[in-house]
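Structure first, commentary second.
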Amino acid sequence: MNEENKASKNKWSRIFKKKWFFPAVYLTVAALLLTVVVWYQNMDNQIPDAQEDQENYVPTPNDEEAEPVLEQQEVIQMPLTDQEQAEIVTKFYDYNAEEKDQENALVLYNNRYYQSTGVDIATAEGEAFEVVAALTGTIDEVKEDPLLGNVVVLSHENDVKTYYASLEEVSVKAGAEVKQGEKLGTAGKNLFGQDSGTHVYFELRKGEKHVNPEEFFNQPVSSLESVQEEAVDNTEADETSEPVEEDAVENDAAEENGDEEEAPEEEDAPSDEEEDDASNEEANDATDESASA
């Protein structure tokens, strides 16, 4: 054992005595230290760069104005807060609807039936409730009608209007801007729709055309564009049919004028009996003249 230890010590002593040993050790240690220093400096430089990037971040400007997402997704709502309790007690009169729905769309007033151009909305309990804006818009008119009660009219984008009647109280004024769901007043009673009890009368209009609100509740406002397209088609069809009707009227007038022109010619022409009477008179005159001679 002693001999082996002495041999290993002799080997290390010989290595230590080599000229290249200590320079090699120094170079190795220096390389390790340099590597650690470079790595540490890179770590320090990366963290501030990330922070500077976040602080100096500037969003890319967009030339087009951003539109609010809520306005793009706004849909037509019933004009009351608790829509689950809403009941339509009088329907919109639709010529294509079933007979039962048409009967439910007739309003009896002063012993006469009228076709409803909107809907009467009440609650299941028949109690008063808050009436709210079905869409965001501007108050066009606030008035009191002797038959319909208090009336509020709102105008919206794309030539759309909403009409609220049978209001007990009104909490808005003309010219005000209101958001969808904002209170307009409270439901009440009126003389024209007294059979509906406490309710709000609601109309939806696209341009000059009344539309069935039930078909467009919970639908986007853009769905009303189909109503405008139908109105344009009907107008074009009416314009196409008008010349035909005018031609028919002109033809009838021409025939009447023709008959009137032919009638005087028939009156001027003498009949056969008149010709015979004239010839007999001439013969009698000739006989009288010969007798006197």
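Computed from a predicted model, the values in this text were never measured in an experiment.
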Seminar exercise, completed: Ser171 and Gly185 have their tightest heavy-atom pair at OG-N, 3.6 Å
Seminar exercise, completed: With sequence neighbours left out, the residues meeting side-chain hydrogen bond (donor to acceptor under 3.5 Å, both in side chains) with Thr123 are none
Problem set entry | For Ala86, side-chain contact (heavy atoms from CB on, under 4.5 Å) partners two or more places apart | Met78, Leu80, Ile121
For this session: Give every residue pair that meets the ring pair (Phe, Tyr, Trp, His ring centres under 6.0 Å) criterion with at least one member in residues 175-194, sequence neighbours excluded.
Result: Tyr109-Phe192, Tyr114-Phe192
Exercise. Restricting to pairs with a member in residues 137-181, which pass ring pair (Phe, Tyr, Trp, His ring centres under 6.0 Å), not counting sequence neighbours?
Worked result: Tyr164-Phe202
For this session: Could you tell me whether the side chain of Leu204 reaches within less than 4.5 Å of the side chain of Val160, counting heavy atoms only?
Result: yes
For this session: Would you please name every residue forming a side-chain contact (heavy atoms from CB on, under 4.5 Å) with Gln85, sequence neighbours left out?
Result: Asp82, Ala124, Glu125
For this session: Locate the shortest heavy-atom distance separating Pro79 from Val200; write the atom from each residue and the value.
Result: CG-CG1, 4.3 Å
Could you list the donor-acceptor pairs under 3.5 angstrom formed between side-chain atoms of residues 214-221 and any protein atom two or more places apart in sequence or on another chain?
{"residue": "Glu214", "atom": "OE1", "partner": "Lys91", "partner atom": "NZ", "Å": "3.4"}
{"residue": "Glu214", "atom": "OE2", "partner": "Lys91", "partner atom": "NZ", "Å": "3.2"}

Exercise. When hydrophobic residues are tied together by side-chain contacts of less than 4.5 Å, even through go-betweens, does Val89 share a cluster with Val119?
Worked result: no
Problem set entry | From NE2 (His199) to NZ (Lys189), nearest 0.5 Å | 10.5 Å
Contacts table for residues 129-152: side-chain donor-acceptor under 3.5 angstrom, sequence neighbours left out:
{"residue": "Thr136", "atom": "OG1", "partner": "Glu74", "partner atom": "OE2", "Å": "2.8"}
{"residue": "Thr136", "atom": "OG1", "partner": "Gln180", "partner atom": "N", "Å": "3.0"}
{"residue": "Thr138", "atom": "OG1", "partner": "Glu177", "partner atom": "OE1", "Å": "3.0"}
{"residue": "Thr138", "atom": "OG1", "partner": "Glu177", "partner atom": "OE2", "Å": "2.9"}
{"residue": "Asp140", "atom": "OD1", "partner": "Ser155", "partner atom": "OG", "Å": "3.2"}
{"residue": "Asp140", "atom": "OD2", "partner": "Ser155", "partner atom": "OG", "Å": "3.4"}
{"residue": "Asp145", "atom": "OD1", "partner": "Leu147", "partner atom": "N", "Å": "2.9"}
{"residue": "Asp145", "atom": "OD1", "partner": "Leu148", "partner atom": "N", "Å": "3.0"}
{"residue": "Asn150", "atom": "ND2", "partner": "Leu167", "partner atom": "O", "Å": "3.1"}
{"residue": "Asn150", "atom": "ND2", "partner": "Glu168", "partner atom": "O", "Å": "3.3"}

For this session: Could you tell me the separation between the CG atom of Leu224 and the CG atom of Asn158, rounded to the nearest 0.5 Å?
Result: 8.5 Å
Problem set entry | Gap between atom CD of Glu103 and atom CD of Glu98 - 0.5 Å precision | 11.0 Å
For this session: Could you verify whether a donor N or O on one side chain and an acceptor N or O on the other, from Ser196 and Thr90, lie under 3.5 Å apart?
Result: yes
Give every donor-acceptor pair under 3.5 Å between a side-chain atom in residues 27-36 and any protein atom, sequence neighbours left out.
{"residue": "Thr28", "atom": "OG1", "partner": "Ala24", "partner atom": "O", "Å": "2.8"}
{"residue": "Thr35", "atom": "OG1", "partner": "Ala31", "partner atom": "O", "Å": "2.8"}

Exercise. Can you name the side-chain contact (heavy atoms from CB on, under 4.5 Å) partners of Gln102, sequence neighbours left out?
Worked result: Tyr93, Ala97
Exercise. Does Tyr26 have any side-chain hydrogen bond (donor to acceptor under 3.5 Å, both in side chains) partners at least two apart in sequence or in another chain, and if so, which?
Worked result: none
Exercise. In chain order, what residues pass the side-chain hydrogen bond (donor to acceptor under 3.5 Å, both in side chains) check against Gln115, with sequence neighbours excluded?
Worked result: Tyr95
For this session: Check for a donor-acceptor pair, side chain of Glu182 on one end and backbone N or O of Lys179 on the other, with a separation under 3.5 Å.
Result: yes
Exercise. side-chain contact (heavy atoms from CB on, under 4.5 Å) between Thr81 and Lys183: does it pass, once the steps are laid out?
Worked result: CA-CA 9 Å; Thr81 53; Lys183 181 180 177 181; over 6 Å; no
For this session: Under the side-chain hydrogen bond (donor to acceptor under 3.5 Å, both in side chains) rule, collect the residues that match up with Thr117, sequence neighbours excluded.
Result: Tyr201, Glu203
Seminar exercise, completed: Correct closest heavy-atom pair for Ala128 and Thr198 would be CA-CG2, 3.7 Å
